[in-house]
K.L.:
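Dumping the structure here so I can ask a few things about it.
All heavy atoms count here, side chains included; hydrogens, waters and symmetry mates do not.
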Amino acid sequence: MTDQPQATKKMSIAEALREAIREEMQRDERVFCLGEDIGIPGGFGGAFTVTLGLSEEFGHERVLDTPISEAGIAGAAVGAALSGMRPIADVQYADFLFCAMDQLVNQAAKMRYMSGGKVSVPMVMRAPSGATTRAAQHGQSPESFFIHVPGVKVACPSTAYDAKGLLKTAIRCDDPVLFFEHKLLYGSKGMRAEKGALSPEGEVPLEDYTVPFGKAAIRREGTDVTILGKLMTVYRALAAAEDLAEEGISCEVIDPRTLVPFDVETVAQSIRKTEHLVIVDECPRTGGWAGEAAAVLQEAAFGSLDAPIKRVTAPDTPVPFAPVMEKYYIPDEDDVKAAVREVLRWR
Amino acid sequence: MTDQPQATKKMSIAEALREAIREEMQRDERVFCLGEDIGIPGGFGGAFTVTLGLSEEFGHERVLDTPISEAGIAGAAVGAALSGMRPIADVQYADFLFCAMDQLVNQAAKMRYMSGGKVSVPMVMRAPSGATTRAAQHGQSPESFFIHVPGVKVACPSTAYDAKGLLKTAIRCDDPVLFFEHKLLYGSKGMRAEKGALSPEGEVPLEDYTVPFGKAAIRREGTDVTILGKLMTVYRALAAAEDLAEEGISCEVIDPRTLVPFDVETVAQSIRKTEHLVIVDECPRTGGWAGEAAAVLQEAAFGSLDAPIKRVTAPDTPVPFAPVMEKYYIPDEDDVKAAVREVLRWR
Amino acid sequence: MADPSPDRMLHMYRQMQRIRQFEEKVNQLFLEGRMPGTLHLYTGQEACAVGVAEALDEDDWVVGTHRPHGHAIAKGVTLDDMMAELFAKSTGCARGYGGSMHVGDPATGVLPAIAIVGGNIPVASGMALGFKMQKTGQVIACFMGDGALNEGAFHEGVNMAAIWDLPVVFVCENNLYGASTPVDQVTRLEKLSDRAAGYGIPGETVDGMDVLTVHGAAQRAVERARNGDGPTLLECLTYRFVGHSRSDTRSYRSRDEEAEWKARDAIPRLAAHMVERGITTQDEVDAIAAEVAAEIEASIEFAESSPSPAPEDCLKYVFTEEAGQ
Amino acid sequence: MADPSPDRMLHMYRQMQRIRQFEEKVNQLFLEGRMPGTLHLYTGQEACAVGVAEALDEDDWVVGTHRPHGHAIAKGVTLDDMMAELFAKSTGCARGYGGSMHVGDPATGVLPAIAIVGGNIPVASGMALGFKMQKTGQVIACFMGDGALNEGAFHEGVNMAAIWDLPVVFVCENNLYGASTPVDQVTRLEKLSDRAAGYGIPGETVDGMDVLTVHGAAQRAVERARNGDGPTLLECLTYRFVGHSRSDTRSYRSRDEEAEWKARDAIPRLAAHMVERGITTQDEVDAIAAEVAAEIEASIEFAESSPSPAPEDCLKYVFTEEAGQ
Ligand SMILES: Cc1ncc(C[n+]2csc(CCOP(=O)(O)OP(=O)(O)O)c2C)c(N)n1
Ligand SMILES: Cc1ncc(C[n+]2csc(CCOP(=O)(O)OP(=O)(O)O)c2C)c(N)n1
Ligand SMILES: [Mg+2]
Ligand SMILES: [Mg+2]
């Protein structure tokens, strides 16, 4: 982690994101937000309050409410970026990215390449991810789709510190960035609070700082097994590690912070020490990020691995509504513990 | 492979697909086609001639030309399927699936689940895949996106026999099937022929037969290394195997035929024999099918593997236009040979 | 235009009461923490769903939105099935897999509601295509909000229905807001039904707070659809009396505006109309409301005493052949 | 309306000649197997691109389609840059990464063409949004075929431009077919510009075979855009004299129809107009054509003698920071 400056404040992730946007909008006239219900006076500040108050501060032109037109939003961001602006677009739920897929995959990601490097598309697309008893069309974690799109970067902050620092990096990045935020981590207040939310608060510097892309964070050090998780599953992994410590099992928990670029080396190094790897991910198993990470790491750390890499993921199903089924669907600390015990049986 | 009946005819893949559609349309009134430029008199029979002549035979209502509206096409297929029909929809290039992504991912794949199993969506979406000097927006191989969509099956025929047999299975399947066809394998004739095409012809039964989903085909037997490829890369793998045989290296080449369901067992068994695995895939590396296959197989065959699983894929870039760059981009037999030699160095 | 039969009017009244009371109850259950998930209430818009559904035959279909309770109940999903679904029980209309945003029941001609704004429109056109190809004579009504009109899916789905003269009625419930966003901020049109002209189909704007008006317009549209004359875009001017979803304090609109619309509530309006014409008495009307209240209490009992799905049931219903993968 | 200045008219003629001759040549090179890739020729539609581009200022922008040679040349991409791109050389306007379907050059205000039908429309609106926010006074012309009007992206992109009064001109080149599909099979509208009404913006249909007519209409639309009065949907009725792409035998349309439209060829038409008015002589006109022919020969030489990208160059230009990943 980069050195933390002096003055800090305890913030939720929603607040940290808002701070990042505010500071960047103050710093750079080209930065603006567009999305649904983000700036309406008396409105929500977006589906999870992140832009609350910003239209009052910066005006409605720079916190631009759009029609319900996700392809239009993404396209507007692409075009505005091409014209020299720095758009921060958002969809209310990550599930709606599928409505904007052509603009994201075929336009945003490829414009630079198709022009032979003559143009660039500095845009951010924010998307709230994760299952929260809203069933199949409002609970997906579609970040894995985007690691398969050459030309976009993918960030996944799990702490308030990272949320602010990564979002600033994303805004300043000259390439398109998909920025996934987990609904249960926001810490949104009041009526927009989420049931079952974890809402980790953290000390966030009030000064300007950035968190670089492609540098994983070791959230807990350990010697017996490496657990790789992102967004919400970082916390599941940490909870499991806590419990397992009591059984005498020492877990190292790593948070990649960005999926593209992905910090293979930090994880590979950890595996060289622990010789075991468990990957925890809320994306459905087949074709998900956990599989990609396993494929890269079985190669990068071959010979060091004492056991097959174990994936703890959501199953290959849509997100169910019933809370009992959803609980089964989402990988939790018990699933992680079982996987850790299983890989350690190979010792 | 299932037993081949008696009467056969040499066919290209385009012809075999057409035969499958024709026979199924004759067999079942509910089967119909919809897509762009598929049935216009004097037209193309779709972008790659697959539906040529079918509107004359079955009428324009059952070979339905649509506006250029991919989301509309996919949605029409979903709805028609829900009403009891058996639509075979298509997009002209697989790249355009991104325009229909919401309908495919959020509607087609989830309708059954969201209804608690009360409805089903028996539709096929055909999509031509692969790079053919048409650059970034007409050369993608997006099949990996769909293995990450619980609720759809994914087929990838590489031979004429499979093309007919898998398409029949897809049409009769009560679930949505994404059916990927490789542009260089069609064997389309005349002006619609593709440069650099391989166009494998094969003996195709004139009678009714199906190829089941989830059963891989061993395309060549061998003992030193297993090579897993799909669509075009099956042929790259076979060419490499041919050359490597002269060096005394014996390769087993496996074609999964369907990616969802995926026949883990056939490949795992092969690995238990060969102890080495190379996966060849035209999808970009990160987040692609090759990674998923590697992740599954490192677990299924752990202990048998003498070397890390090696992926030979397209790089993490859009598809370039210039043929010299495109040739570099597409994994070919030389890339496969190099990878085989590399994994065998671990012996 | 002539009123519907007294029986039908009384049934409409009952249906609107069912929707209203069902939602008042689930909202309460939800606030008490007894019900999981999220809720988009239809309160205030009942005339739209009921007016349209009553213009449909039993084997016709509807497909709803993220705000679908009204659509489903109006077309005949039972309160038991609805309540159990919202309680996430396996006796629910979607066996607990769908929840509030995906209620539906093929047995009553209700597709699982589609909560992707605009996403149900191409699907509805597709179903209508299937009806036409199979010559079943069926019609589908596709509900959408004012916000949905700006989705690309609207455009593609409506155009297809137009060019193929498909038997579908597009019902736009213009409640003046998409979530917090006023409709006049996202379109230059004064009348949303004017979008119909871009597809060469008829468009009509009606008072969505009067169930008889909605019903009349819906009948005409259904008739056109059934006769092979293609789709209609029917705009119903209406208002949700409540927040967009559970976490909405409605600060983006005025209490005056709310009061104005509440004064036009379709439910007392129909009651008054019937009483005025001597079709019924206030007592009978009150009795209906009381019967509905009892029905709803019974549905809660049914739901609460129903079994939950097993956790691992979440693996079911992905594919038709369970062992398929 | 008054004609443009003689110089401008002569320049328009030269630009149309450039497009026509460039494409005749690349088609030949392509058929000879000397040029890779695929081709969608603009032949016959030259008046549309040129009429519009000449209404734009140098720092205005255009974004083309899968059929973009005309759009790019009209806005000023040089024949050398174009030819080298189609030859897949690193001196091409997209350094060999884009090819025929993605020609463009930011230096001349031409975005890389977008070959996803309709895909350029939201991008154009976005760029116009950027102009408006930065108060640059710039305008973008977004070209599209008749087929693109049925894409959801059209709907969303045009609506956004409408509500925000963005400085964009939507130019629909209605050449009667989307690939093989006749336009009247995919819309109920007689005039595509009538779609404009659905967004509350002006629509106009003009003779796309007359460059002066197109130019006049484009000037009006550009002026509206630049004045902050928002977008226009300008439909140009035109015809491609050739097949949709290299593999099209055009059996879906009649030779009579083709002959009728070819008789309206915009290039001789402008020449005749200028000669009639004494603006120029046939000799001067012929000299322009000859100059263009020489330019094209030179561009082939330039392209053929230019270096190809290295194979591994395909790894470049994915991100701005090459080492970023
Ligand atoms: C594609 C998509 N975008 C955004 C949303 C989030 N969302 C849910 S309801 C809603 C407002 C819908 O407005 P409208 O269509 O007018 O329907 P209403 O809620 O007023 O009934 C929004 C933006 C969504 N569900 N789907
Ligand atoms: C989204 C998408 N769908 C389909 C295609 C394939 N395609 C390329 S050009 C074309 C026809 C386009 O017709 P139109 O918009 O009228 O333009 P024209 O070719 O006539 O210039 C089609 C279907 C595509 N490129 N993109
Ligand atoms: Mg609304
Ligand atoms: Mg056209």
Side-chain angles (χ1 to χ4, degrees), chain A residues 36-49 60 64-72 75 92-93 95-96 98-100 102-103 132-139 188-196 284 286 314-330, chain C residues 33 36-38 66 85-90 92 94-102 112 114-119 145-153 177-183 185-187 243-253 308-318 325:
Chain A
E36 296 158 15
D37 301 296
I38 63 171
I40 301 283
F44 317 138
F48 296 91
T49 72
H60 204 234
L64 194 55
D65 283 294
T66 67
I68 311 179
S69 310
E70 286 75 11
Q92 298 194 337
Y93 289 76
D95 312 68
F96 312 154
F98 295 114
C99 299
D102 174 65
Q103 287 297 323
T132 59
T133 69
R134 289 182 179 88
Q137 297 183 332
H138 287 70
S188 303
K189 296 274 169 52
M191 287 192 76
R192 298 199 88 80
E194 289 291 317
K195 227 186 215 160
T286 299
D316 286 330
T317 77
V319 182
F321 165 58
V324 289
M325 294 198 288
E326 195 197 59
K327 184 174 175 336
Y328 182 93
Y329 173 92
I330 300 171
Chain C
T38 191
H66 60 283
E85 186 59 31
L86 270 62
F87 265 106
K89 296 303 180 77
S90 41
R95 299 199 173 100
Y97 286 69
S100 164
M101 284 199 279
H102 305 299
I114 291 179
I116 299 292
V117 168
D146 44 285
L149 262 71
N150 299 321
E151 284 282 1
Y177 297 88
S180 71
T181 305
V183 64
Q185 223 176 281
V186 292
T187 174
H244 166 65
S245 68
R246 58 173 169 101
S247 48
D248 179 1
T249 54
R250 313 184 326 279
S251 321
Y252 50 84
R253 64 187 201 187
S308 286
E312 64 278 12
D313 281 351
C314 97
L315 303 177
K316 289 169 68 176
Y317 302 134
V318 179
Q325 201 184 331

K.L.:
Using heavy-atom distances under 4.5 Å, tell me whether A/Thr132 contacts chain C through its side chain, its backbone, both, or neither.
P.N.:
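Neither the backbone nor the side chain of A/Thr132 comes within 4.5 Å of chain C.
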K.L.:
Below 4.5 Å, heavy atoms only, C-beta onward: do A/Phe96 and A/Ile68 meet side chain to side chain?
P.N.:
no
K.L.:
Highest number of heavy-atom pairs under 4.5 Å with chain C: which of A/Pro320, A/Gly43, A/Ser69, A/Gly39?
P.N.:
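That would be A/Ser69.
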K.L.:
Within the 4.5 Å heavy-atom criterion, are C/His244 and C/His66 side-chain neighbours or not?
P.N.:
yes
K.L.:
Between C/Ser251, C/Gly118, C/Ser308, which has the largest tally of heavy atom pairs under 4.5 Å with chain A?
P.N.:
C/Ser251
K.L.:
With respect to chain A, which residue among C/Pro182, C/Gly145, C/Ala115, C/Gly92 yields the maximal number of heavy-atom pairs within a distance under 4.5 Å?
P.N.:
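The residue among C/Pro182, C/Gly145, C/Ala115, C/Gly92 with the greatest pair count is C/Ala115.
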K.L.:
Mind checking whether C/Met101 and A/His138 have side chains closer than 4.5 Å, heavy atoms only?
P.N.:
yes
K.L.:
Can you confirm whether A/Arg134 sits close enough to A/Glu194 that some side-chain heavy atom of one is under 4.5 Å from a side-chain heavy atom of the other?
P.N.:
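In short, these two side chains touch, coming nearer than 4.5 Å.
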K.L.:
A/Glu70, A/Glu326, A/Lys195: which one forms the most heavy-atom pairs within less than 4.5 Å of chain C?
P.N.:
A/Glu70
K.L.:
Find the one option among C/Val183, C/Asn150, C/Thr38, C/Thr187 whose heavy-atom pairs under 4.5 Å with chain A are most numerous.
P.N.:
C/Asn150
K.L.:
Nearest heavy-atom pair of C/Tyr97 and C/Cys314: which atoms, and what distance?
P.N.:
OH-N, 4.2 Å
K.L.:
Tell me, for C/Leu149 versus chain A, whether the close heavy atoms (under 4.5 Å) come from the side chain, the backbone, both or neither.
P.N.:
neither
K.L.:
Any idea which of A/Gly42, A/Pro41, A/Ala47 has the most non-hydrogen atom pairs under 4.5 angstrom with chain C?
P.N.:
A/Gly42
K.L.:
With a 4.5 angstrom heavy-atom cut-off, could you sort out which part of C/Gln185 is near chain A: side chain, backbone, both or neither?
P.N.:
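Looking at C/Gln185, just its side chain touches chain A.
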K.L.:
Relative to chain A, which of C/Ala148, C/Gly37, C/Gly33 shows the most heavy atom pairs under 4.5 Å?
P.N.:
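It is C/Gly37.
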K.L.:
Can you see which heavy atom on A/Phe321 is nearest to which on C/Pro36, and at what distance?
P.N.:
CZ-CG, 3.9 Å
K.L.:
Please tell me if the side chains of A/Tyr93 and A/Gln137 come closer than 4.5 Å, counting only heavy atoms from C-beta onward.
P.N.:
no
K.L.:
Should A/Tyr329 and A/Pro284 count as side-chain neighbours, where that means a heavy-atom distance under 4.5 Å?
P.N.:
yes
K.L.:
For chain A, which of C/Gly152, C/Ser90, C/Gly98, C/Gly178 has the most heavy-atom pairs under 4.5 Å?
P.N.:
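Of C/Gly152, C/Ser90, C/Gly98, C/Gly178, C/Gly98 has the most heavy-atom pairs under 4.5 Å with chain A.
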K.L.:
With only heavy atoms counted, which part of C/Ala153 is less than 4.5 Å from chain A, the side chain, the backbone, both or neither?
P.N.:
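When you check distances to chain A, no heavy atom of C/Ala153 falls under 4.5 Å.
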K.L.:
With chain C, which of A/Thr317, A/Val319, A/Asp37 has the greatest number of heavy-atom pairs at distances under 4.5 Å?
P.N.:
A/Asp37
